[in-house]
Amino acid sequence: MNLALLRVFGILIAVHELNRLVRLLLQVTMGDEGESFTDIAPMILASVAIILVGIIVFAKKSAKLLRVFSAIMIIVSIVGGINFARVYLGLQYSPGVGFLLQRLADHFINMFMVVYFVSLFMGNMKTQEGSHVNLSLLRFCAVVFLVDGFGFLVHIGYDHSVPVVIMTAASIAAGVVALAKNNTLVLKAFAVCSILWLLWTHIEFVRTNMFGAYHVANAIVGIVFSAHLVVCITTFFIDVEESKFYLQKLKALFFKWKNLT
């Protein structure tokens, strides 16, 4: 069993649900919807339970718990998608089938569906003896970037902006190259670009909303408790020796520039 991948899955589950929980609490304390803690108590309890699952998976390295949780979440996702489609198609007025397909694509084409399905086969994934490259982590990160890229494709029909198109193409390209060539460097390069993209989109979100306290808090939560950020950071642990090598090079360049100035 690949313990590094197991721990990453535990972190992803906990971080993703922490994001949801903190946003719920912000909505009650700072939002203007008029909701109370009583209204969202069931959702808070569900989030806490899921966070505990992630912590236990990480701390106790419980692959069995992860498989059970993943199987439940796959079933919940399928049932939820079917119910959403049924209710949506029953509406008298709706934005159209295109919107429905976009929502279903967002629902099913995402990193957590990758996590859930990979978790079912976790026992068959082993750490390669004598290799400094964790191929399971590499393939997981590559598939996540690939899936994210296909997820972006769904939105290109609605958002033709150059940054979105570039990130879509780069995400798919990084995933394909990394899978085909077992290339860790391309994953690291794209991870850095993704982190910058994450920061830029949240800064733009805050600026668009006139730097309101609620929106600033939401942006901070979106960055700190970002599952995508976890995947980006994970790319630097696929080959730790390579990461250390490039870090030393960057430090040398920084000190060289500092001495020149």
Side-chain angles (χ1 to χ4, degrees), residues 1-19 50-51 53-63 66-67 69-70 73 109-128 131-152 167 170-199 201-202 221-247 250:
M1 181 168 55
N2 194 300
L3 293 180
L5 189 61
L6 181 68
R7 291 190 181 105
V8 168
F9 285 180
I11 293 171
L12 282 171
I13 291 168
V15 166
H16 180 65
E17 205 56 36
L18 272 169
N19 186 309
I50 294 173
I51 291 167
V53 168
I55 292 172
I56 293 170
V57 168
F58 175 82
K60 300 295 185 180
K61 299 181 279 293
S62 177
L66 181 60
R67 282 194 292 269
F69 174 77
S70 296
M73 292 306 295
I109 305 175
N110 58 69
M111 77 166 71
F112 282 94
M113 292 306 290
V114 176
V115 170
Y116 300 148
F117 277 104
V118 171
S119 297
L120 299 179
F121 307 96
M122 181 67 73
N124 299 325
M125 296 183 182
K126 302 184 184 298
T127 305
Q128 297 74 27
S131 174
H132 53 84
V133 178
N134 191 318
L135 288 178
S136 293
L137 278 184
L138 184 150
R139 289 164 184 158
F140 168 70
C141 293
V143 171
V144 166
F145 290 154
L146 196 57
V147 167
D148 279 350
F150 285 123
F152 285 143
M167 286 301 293
S171 187
I172 294 173
V176 170
V177 171
L179 283 174
K181 303 290 187 180
N182 287 337
N183 190 312
T184 60
L185 187 57
V186 71
L187 287 179
K188 292 183 178 72
F190 180 72
V192 172
C193 294
S194 288
I195 292 171
L196 295 175
W197 168 263
L198 178 71
L199 293 171
T201 53
H202 281 84
V221 171
I223 294 170
V224 175
F225 298 115
S226 167
H228 190 76
L229 179 62
V230 173
V231 175
C232 290
I233 293 172
T234 299
T235 62
F236 294 92
F237 292 91
I238 295 170
D239 185 345
V240 177
E241 293 302 319
E242 183 184 61
S243 298
K244 287 180 179 178
F245 173 76
Y246 284 109
L247 181 61
L250 286 173

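Predicted, not measured: the structure shown is a model, and the values here were computed from it.
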Looking at side-chain heavy atoms only, is the closest gap between Val221 and Asn19 below 4.5 Å? yes
Met73 versus Phe112: any side-chain heavy-atom pair under 4.5 Å? no
Where do Ile55 and Ala14 come nearest, in terms of heavy atoms and distance? N-CB, 4.5 Å
Between Cys141 and Leu187, the two heavy atoms sitting closest are CB-CD1, 4.2 Å
Are the side chains of Phe237 and Val8 in touch, meaning some heavy atoms are under 4.5 Å apart? no
Separation between CG (Leu137) and CZ (Arg7), nearest 0.5 Å, reads 11.0 Å
Which heavy atom of Arg67 sits nearest a heavy atom of Ser119, and at what distance? CG-O, 3.0 Å
How close do Met111 and Val231 get, counting heavy atoms only, and between which atoms? SD-CG2, 3.9 Å
Within the distance-only criterion (no hydrogens, no angle test), does the side chain of Asp148 pair as donor or acceptor with the backbone N or O of Gly151 below 3.5 angstrom? no
Is there side-chain contact between Ile11 and Thr234, with heavy atoms separated by less than 4.5 Å? no
So how far is it from Ile13 CD1 to Leu18 CG, rounded to the nearest 0.5 Å? 12.0 Å
Atom pair CG/CG of Leu5 and Asn134 - distance to nearest 0.5 Å: 7.0 Å
Just so I know, are the side chains of Ser243 and Asp239 near enough to count as touching, which here means a heavy-atom distance under 4.5 Å? no
Could you walk me through whether Val118 and Phe9 satisfy the side-chain contact (heavy atoms from CB on, under 4.5 Å) test, starting with their C-alpha distance in whole Å, then the side-chain angles of each, then the deciding distance to 0.1 Å, before giving a yes or no? CA-CA 10 Å; Val118 171; Phe9 285 180; 3.7 Å; yes
Here's a test for you: under side-chain contact (heavy atoms from CB on, under 4.5 Å), which of Ile56, Leu66, Leu6 qualifies with Lys61? Leu6
On a heavy-atom basis, which atom in Leu120 and which in Ser70 lie closest, and how many Å separate them? CD2-CB, 4.3 Å
Does any non-hydrogen side-chain atom of Phe140 lie less than 4.5 Å from one of Ile238? no
Test side-chain contact (heavy atoms from CB on, under 4.5 Å) on Phe190 and Met167 and set out the steps. CA-CA 9 Å; Phe190 180 72; Met167 286 301 293; 3.9 Å; yes
Separation between CG (Leu185) and OH (Tyr246), nearest 0.5 Å, reads 4.5 Å
Nearest heavy atoms of Ile223 and Leu229, plus distance in Å: O-CD2, 3.3 Å
Taking the side chain as C-beta and beyond, is there a heavy-atom pair between Phe236 and Lys244 under 4.5 Å? no
Could you give the distance from NZ (Lys188) to SG (Cys232), rounded to the nearest 0.5 Å? 12.5 Å
